[in-house]
Every structure is written in structure tokens, then in C-alpha cells.
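Because only heavy atoms are used, hydrogens play no part in the values below, and waters and symmetry mates are left out as well, while side chains stay in. Everything quoted here is computed from the prediction, not taken from an experiment. Here is the naming used below: chain letters follow the sequence lines, and residue numbers restart at 1 for every chain.
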Amino acid sequence: MVESGERPWLEQLNPEQREAATHAGGPLLILAGAGTGKTTTLCARVAHLVSEGVPSERILLVTFTRRAAREMLQRSRAHVPASARVLGGTFHSVAHRLVRRHAAALGLPGGFGVLDAGDAADVLDLLREEAGHAKSRTRFPKKGTLLDIYSRTVNAQQPLSGVIAEHFPWCEDHRDPISALFKAYTARKRELGVLDLDDLLLFWRALARDDVIGPRMASAFDHVLVDEYQDVNGLQVDLVRGLAAYGPEITAVGDDFQAIYGFRSASATHILDFPEHFPGTRVVTLERNYRSTQPVLDAANVLAAQAVRAFPKRLAAQREGGARPGVVFVRDEGAQAEEVCNRVLEAREQGMDLRAQAVLMRTSHDSDLLELELTRRRVPFVKYGGLRYLEAAHVKDFIALLRLADNGADAIAWFRVLQLVEGVGPVSARRAIAAMTGDVDAEAAAPDRLAAWPVARESLPANAREAADALINALIAARAERRPGPRAEGLRDALAPLVKLRYPDGAIRLMDLDQLVAAAHQARDARHFVAELVLDPPSSSADLAQPPHLDEDYLTLSTIHSAKGLEWDSVHVLAVYDGNFPACMAAGTSESIEEERRLLYVGMTRARRALTLYVPVRYFHRPRGNDDAHGYGKPSRFLTDEVLATCAVTRMPDDPLSPYGGPISGRKIDVSPDSLFD
DNA sequence: ATACGACGGTTTTTT
DNA sequence: ACCGTCGTAT
């Protein structure tokens, strides 16, 4: 036991936080508003538990991202070095660890692969084509939609018909074929020896339900702490309850007003139901905000008050002073880019590092023009969210090769890799794969598909065979090499000429591969390297780049989803117009509108001192098109008069509406050509 | 028969 | 960046 005087991590806490950190006996729910020291409290709780004698390896900390896990474990360790062995990660990474350990019981090969969303969609696409849906005249849902439907069904644990009726009504006609397709999908993954991200959770739950493995798995822990509980889905709740059934005490932390992952089947109802699911729950509410100044919170509180249903909560600032948030009307997205740039640079002149500033947006392409402008003015920036590394074609090519080195049965990877060779398209690739997987008779006994290559290569056009052989030889060499670094290096070298040939900017793309090779050198186990990459994807190009970047000053650009849990001195939110906030895609149900409001709230509450919202008045219908089709947008419906009253509103001189002296209230003018249409 | 480049229309958010 | 389609080259 440590004397209280030696526990600075507890003394920094306010009474509510301390109560949460030191709570003992029974489930605990911490309702923590934005900026109320949620992470501090959770880290203090971990430190407290360890200092009370709980062995650190018997504590499981489930977070929303791996980055959050790393950060928290680091902080806990700084308080109490004995926290070093706390097990931390996302639901998916914990699942991967558990499923790996019990792979045999689950009937999985030891080196089972993990499909990322792109790979999973490719498998579905293949089945879609095999079933003849690609050629049929009625439009069948595309792979991305299929994956969305599938994922929602699994994660919400809701029957397919209900999911389609509720969220994908336009697919109603195809319900039965979709159902058949999903069954084929399950079977195909088995054949390929792979799991998708949803499977990881399903397999974890299957383990939890086993009479022998379930209790043993749960009893490995004394405490399970779950962060961001407002964003868990039904399946994840099952997992937590499955653990709780056999002993560990559960702590959940979250804020129902920051629930922004409904599209992933998360629902804030779970955090509200927590006391029911875990009888005897102690609820602690944190409302003292240490992040933002009061004017920022005033605007956020007024926005939050619009919510139809929410836990009443009012954040109170502990910081002094501060300026009202700005709402800036600009002409269009071009003017917005210029204005943001100006303001960011001006702030830097005043002594605010770029690193203390961030630009946040609804969708990742909202920053397209800004990125051009920043590049033009040589302002360094790093972007989070949106298109990620693993989604770039050449990176996928490389990953497919790495997968094949682990698992020759992965036909999806074969399909991709073979088509890299010039002269090989979908048809001959498929033929070669069929030859390798052998129609049960010839090659069924051969566990290594590479053995069938001499036959398979005959299915390729003669002039492509030599280049394909080179790839195969690289794969054979890679298999003999167990160290992940050299293995990746060999495959990179084999891929390099093909990448250079295929992409005009091949040289740049090769640098991306070099970063992956560097990451592979750090990896412990070649077989898990790809799976871990999928579970902890580098979220920006900077993530893989090595330290030199860290010394530099750079601006952060991020989707609001990716900015969750983070904070900056100054925050700019782009494109706060109706159609974007809320997104027009979300206009369907009132709950999705509510979620959009919460999204704006999350964006606004990232700001410590300065917050600026931008409303482009004119926007282009086709941002990528070169025509000039545009419309005049309305400001976001969330920017009500009440919200605007808490802000300082600016109209830029070139705002087309401003020469008329700004809006005049009290007038109602109808403009309608409708009589022409009678 | 197959591969591949060109073109026009679309693209939310992510473990 | 992706998808589907179409025309041309092998």
C-alpha cells in the first residue's frame, strides 16, 4: 500500500473524478462530458487499482482505437510503473489475441488471415459475380453496400430482413439473393482460411459462450475497463456481459452526447441501459470541463440543448476568459480555404504553433481545396481519416503478396496478385487459381498451392508466364524467410518493377512500400504482421513515417470521427452548411439527424480557446467536375438563432449576400416558379 | 476471347 | 478514387 501523499495522480482529481477512480465493489459507469478529464480519471483508476495490489496483467482496458490504448497505458505507467502489463487494445485487437490463442478449438488454421473492409468487399464482389448478379439487368447492390448490410446485420444482431427494411429499403427486391450471398460469404471465408473484422467479434463471443473456455477466459481478469461506451454495438455489449458473468468488475466510461458511430450499429442506448445490464451499478457524472473556455461551451451547450432525447448535462468551464466562437460566412469553398489558411498563419504569427491548431470536417474531401492551398503556401500538414494507406492500390498489392506468403489458400490475394502481371486479366487469373486450388481430384492433398504452379502457369498467356514466375519465386523465397523484415523486403523487390510499370507515379508509391518494409522490420512475427496492420491501420501517411516528422510543426486536418478524444487550442470546422451538417445522406431518419448534431458537437468541443465555424454560401454540385454547376446553400440547421447568439458572426466582403448589407430580419419573400408547371 | 485504356457519373463517417 | 461500359488491340 502506498501512502496517500505519494499518490499525486489522485490528488490532481476533483471529488467526482476521485470517487470514480477509487470506486470499489460492483460495476461503475462514468458519464463524462467532453473535456471533463475522462482519460485522466481512467488512467488514475488503473494506477489506483494497481497500487491497491491488483496484478496489472489482470486488468483489461478496451479502447476505441489502438492509439488511445497506447496513450492511456503510457500515462498509467507514468503514475505507477507496475501498470506495465495492463492488457490494452480495441475490441478487435483483443478478439484477435483470444481467437489466435484458441484457433484450434474454433477450427481455424494457425496462420488465419484477417480481412480489412476492402478485402471483405472484394470477396463479396467475387461471389456477387459468380452468382451472376453483375450481369443481371436489375441493379444489384454493389460490394460496398453489401458489406454495409452484412456488417450491420452482424453487429446489431438483428435479422437481415429487418436491417434491409430499416436501413436499405431500396434493396428490398433482392432480399433473398442477398441472404444466399451472405451464407456463401461465410462458407467462402472458411475455405480461404480468413476472418473479417466482424468475425473476430463473433468468434470471441463463441468462445465466451463455451462452457469451459468462456469461464476460463473471463477469470483471467479482475477488472475490465471500457472506454467510449456510447459507441459500442450490441455484439460488443454481449462480449462485456460475457466477461462480467464470470467475475471481473466492469467499468464503463462514455458520454451519450458524443455517440457518433450509429452507422456501425453502435447505439447510445447501451450506455443508458448499462445500469440494467449490470445490477448494482454506481453512476458518477463528470461535468466540470477543463478543456474549453466558457464561450466555447456556451455555444456547445446551446447546440446540445436542441437534442430531442439526451441526458441533461451542462458543461461548466474551469478555465477563465475566452472569446466567442466565430461563425464565418464565405463565398464558396475556395474562399473558405483561403480564409482558413489566412487565419491559421495569422495565429502562428501571434505565437500559436501549427500543432496547437486543427481543421476538422464532416467528410474527408471537405478539405480538398484547403489541402491544395496549404501545399501552395507551403504550410506543413498531416491529414487523418479519409483514404488511408491500406486502401491505396499499390499498398493493397503489397499486402496481398504478404498474405500469400502466409496463406496460399487466399484466393482473393491470388486474384489480385496475378493481375499485376501484364497480359493477365480476370479471366486467366481465375483459370490459374482454379488450377492451383485444384478441383478436389488432382491437388486436394497438396497443402501448398505453390506446388501446383507449373500446371497453373499454363493458363496464363504465354508472354506473361515469365513475369509471373518471378513473383512465384519471390513468394517461395519469402516462405523460407521467417523474419518479417527481410521477408517483406524480398517481396517488395519483386513487386517494384510491376509498380513502376503500372503507375505513372511509381517512384512515389515505392516509397510507401518502403515505409511498410520498415514497419515489418519492427514486427515480431511475420504471420501476425499483416493482421496487426489491418487491426491498427496507420491512420495517416505520417503514422508510418519515422520520427523526423515529430520535431516539425504541422497543422492537423482530420475528419471529426478521427478527431474523437483529441483537443487543440484553436479549431476550425469546415463546411457547416445543410447537406453536410447534417449530411444529405443522413436526412432519412430523425435519429441520424440527431447523430449529425452530435457530430458537430464533438467537433466544437475539441477546441480549447478558439473555435471558428465556416459556412460557404455557394457550393458546387460536382466538386470534381470542371463545370460550374452550383447552388446557394443554407447554413446548417443546427446553427439556430440561439446558437448564433452565442457566436461572433462575420460575413466576408466577397460573400455574394453581403453587399446588400447582410440579412434583414422580419421579411418573408416568396419566390416560386411553380405556377409555370401547372 | 481476352485485356486494357478511355470516359462519364458517383463517393459519409471507420474498427 | 471507383464502377460500369464501350471501343480497339492482341
Measure from the ring center of A:Y229 to the ring center of A:H270 and say whether it is less than 6.0 Å.
no
Basic-acidic side-chain contact under 4.0 Å: A:R502, A:E422
no
Rounded to the nearest angstrom, tell me the gap between atom [atom1] in [X] and atom [atom2] in [N].
{"X": "A:L460", "N": "B:dA3", "atom1": "CG", "atom2": "P", "result": "9 Å"}
{"X": "A:I560", "N": "B:dT13", "atom1": "CD1", "atom2": "P", "result": "12 Å"}
{"X": "A:L201", "N": "B:dT14", "atom1": "CG", "atom2": "P", "result": "18 Å"}
{"X": "A:Y503", "N": "B:dC4", "atom1": "OH", "atom2": "C1'", "result": "14 Å"}
{"X": "A:L566", "N": "B:dT14", "atom1": "CG", "atom2": "P", "result": "13 Å"}
{"X": "A:Q419", "N": "B:dA3", "atom1": "CD", "atom2": "P", "result": "8 Å"}
{"X": "A:D366", "N": "B:dT13", "atom1": "CG", "atom2": "P", "result": "9 Å"}
{"X": "A:N155", "N": "B:dT15", "atom1": "CG", "atom2": "C1'", "result": "9 Å"}

Among [options], which nucleotide sits nearest the side chain of [X]?
{"X": "A:V427", "options": "B:dT15, B:dT2, B:dT13", "result": "B:dT2"}
{"X": "A:R431", "options": "B:dT2, B:dT15, B:dT14", "result": "B:dT2"}
{"X": "A:S562", "options": "B:dA3, B:dT14, B:dT13", "result": "B:dT14"}
{"X": "A:Y261", "options": "B:dA3, B:dT15, B:dT14", "result": "B:dT14"}
{"X": "A:E422", "options": "B:dT15, B:dA3, B:dC4", "result": "B:dC4"}
{"X": "A:S428", "options": "B:dT15, B:dT13, B:dT2", "result": "B:dT2"}
{"X": "A:F263", "options": "B:dT13, B:dA3, B:dT15", "result": "B:dT13"}

Under 4.0 Å, heavy atoms only, any strand: does [X] hit a base, just the sugar-phosphate, or nothing?
{"X": "A:P461", "answer": "nothing"}
{"X": "A:V534", "answer": "nothing"}
{"X": "A:F64", "answer": "sugar-phosphate"}

Do A:L126 and A:I412 touch side chain to side chain, with heavy atoms closer than 4.5 Å?
yes
List every contact pair, protein side and nucleotides 2-10 of chain C side both N or O, where the distance is under 3.5 Å.
unit_1	atom_1	unit_2	atom_2	d
C:dC3	OP1	A:K143	NZ	2.9

Of A:A429 and A:R66, whose closest DNA chain B nucleotide lies nearer the 5' terminus?
A:A429
Within 45° cone of A:Y577 ring axis and under 6.0 Å: A:K634 NZ or CZ
no
Return yes if some donor-acceptor pair links the side-chain N/O of [X] with the main-chain N/O of [Y] below 3.5 Å, else return no.
{"X": "A:R66", "Y": "A:D536", "result": "no"}
{"X": "A:R128", "Y": "A:P141", "result": "yes"}
{"X": "A:E596", "Y": "A:A583", "result": "yes"}

For A:A575 and A:P616, the nearest pair of non-hydrogen atoms, with its separation, is CA-CD, 3.8 Å
Any side-chain N or O of A:S93 under 4.0 Å from OP1/OP2 of B:dT15?
no
